There are 2 protein chains.
Amino acid sequence: MMYENEKRVADARAKVFKALGHPTRCFIVELLTKKTLSVSELTEAVNADVSTVSKHLSILKQAGVLTDNKQGSKVIYSLVCPCIMDFIYCIDDAIVKDAEKGISCILPGAKIERKTTGN
Amino acid sequence: MMYENEKRVADARAKVFKALGHPTRCFIVELLTKKTLSVSELTEAVNADVSTVSKHLSILKQAGVLTDNKQGSKVIYSLVCPCIMDFIYCIDDAIVKDAEKGISCILPGAKIERKTTGN
DNA sequence: ACAACATTTGGCGATTTTGCCAAACTACCA
DNA sequence: TGGTAGTTTGGCAAAATCGCCAAATGTTGT
């Protein structure tokens, strides 16, 4: 963390990870891989206050994970880069491997369903 | 977020992301792609209090990102799964793409050096 | 212009994270 | 056994995050 550039790179990466580091936000990202959704649709899906969801969306957008698109009075959110999901699957693999090796059972009893390439 | 399993998966994923969601921890992970390092070596590299670094390491270990290995009085940390770095590069790509598209310039002026496959 | 819907923003208490210091603990060595 | 280097843990104050409510803003249709 000595040099400026290192610091900047670490900050930029951490910002993205931090944005994804909340269960609701992870879930939102997953939902958006299937199709674009409005704030109210997302709100219903995640079962939280609209204002809370709006703030989560703002954090994800700020981090560059999502974009929004105004359609009438609705705001439609979508993934900037669907590759983010590949990336989440990579995490899943690591989690599952961990569980198998008994190193640390992060995910007790949960089933992770992984999509095949087609979407 | 309605069903138990969805919640558990989101929690597990978020835990990993959260662990990576701090500049110092991101940097530690990057250092460990090059070679395994002891707590004191890492402490010097990141320029923070030993106790702080130790706690960061504990968080990364708890999340399943790192393992440790006691060698004498030293504790050597290493990446559980080097694939985590591919995954960080994937983030970098997204960041750079963003910057290029001007959607959100997350990383003003920083140069991200990406390793080729050989390490 | 008004009402109804969709979303964002401000604010606030509650909780969590962060980073330093001091103290405890462990392993090695003289 | 005492000393020292390496690491972890406890504690605490400062800072950040979270989630809800209320209020403001924007949009559509009448």
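Bear in mind the structure is a predicted one, so any value in this text is a computation, not a measurement.
At whole-Å resolution of the value, CG in B:Leu37 and P in D:dG6 are 14 Å apart. One can place CD of A:Gln71 at 13 Å from C1' of D:dT27, the figure rounded to the nearest angstrom. The distance between atom CG of B:Leu42 and atom P of D:dG6, rounded to the nearest whole Å, is 13 Å. Look at NZ on A:Lys74: it is 12 Å from C1' on C:dT7, rounded to the nearest Å. Per the geometry, CD belonging to A:Glu41 stands 14 Å off C1' belonging to C:dT7, to the nearest Å. The nearest whole Å value for the distance from the CD1 atom in B:Ile28 to the P atom in C:dG19 is 10 Å. What separates NZ of A:Lys70 from C1' of D:dT25 is a distance of 9 Å, to the nearest Å. Rounded to a whole Å, the OH atom of B:Tyr77 is 15 Å from the P atom of D:dG6.
Residues B:Cys26 and A:Phe17 share a closest heavy-atom pair of SG-CD1, 3.7 Å. When all heavy atoms of A:Ser78 and A:Thr36 are compared, the closest pair comes out as CB-CG2, 3.4 Å.
Using a 4.0 Å heavy-atom distance criterion, A:Ser38 is classed as a sugar-phosphate-only contact. Within 4.0 Å (heavy atoms only), B:Ser40 reaches sugar-phosphate atoms of the nucleic acid but no base atom.
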For residues 49-56 of chain A, please give each side-chain donor-acceptor pair under 3.5 Å, one per line with the distance, not counting sequence neighbours.
| from | atom 1 | to | atom 2 | distance (Å) |
| --- | --- | --- | --- | --- |
| A:Asp49 | OD2 | A:Ser51 | N | 2.9 |
| A:Asp49 | OD2 | A:Ser51 | OG | 2.7 |
| A:His56 | ND1 | A:Arg25 | NH1 | 3.0 |

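The structure places CG of A:Leu42 at 5.5 Å from CG of A:Leu32, a figure rounded to the nearest 0.5 Å.
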Item to check | Stepwise side-chain contact (heavy atoms from CB on, under 4.5 Å) check, B:Leu66 with B:Leu79 | outcome: CA-CA 5 Å; B:Leu66 304 184; B:Leu79 287 183; 3.5 Å; yes
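At a cut-off of 3.5 angstrom, counting only N and O atoms as typed in the model, there is a donor on one side and an acceptor on the other between the side-chain of A:Ser51 and the base of D:dC21.
Listed nucleotides: C:dT7, D:dT8, D:dC20. Nearest to the side chain of B:Ser54: D:dT8.
A:Glu30 places none of its side-chain heavy atoms less than 4.5 Å from the side chain of B:Glu6.
Under 4.0 Å is where a charged nitrogen must lie from a carboxylate oxygen, and between A:Asp11 and A:Lys15 no such pair does.
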Checklist entry - What is the per-nucleotide protein-contact pattern of nucleotides 13-19 of chain D, from the 5' end, where B denotes a base atom under 4.0 Å from a protein heavy atom, S denotes such proximity for sugar-phosphate atoms only, and - denotes neither? => result ----SSS
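At D:dG6, none of the side-chain N or O atoms of B:Ser73 fall inside 4.0 Å of OP1 or OP2 (strictly under the cut-off).
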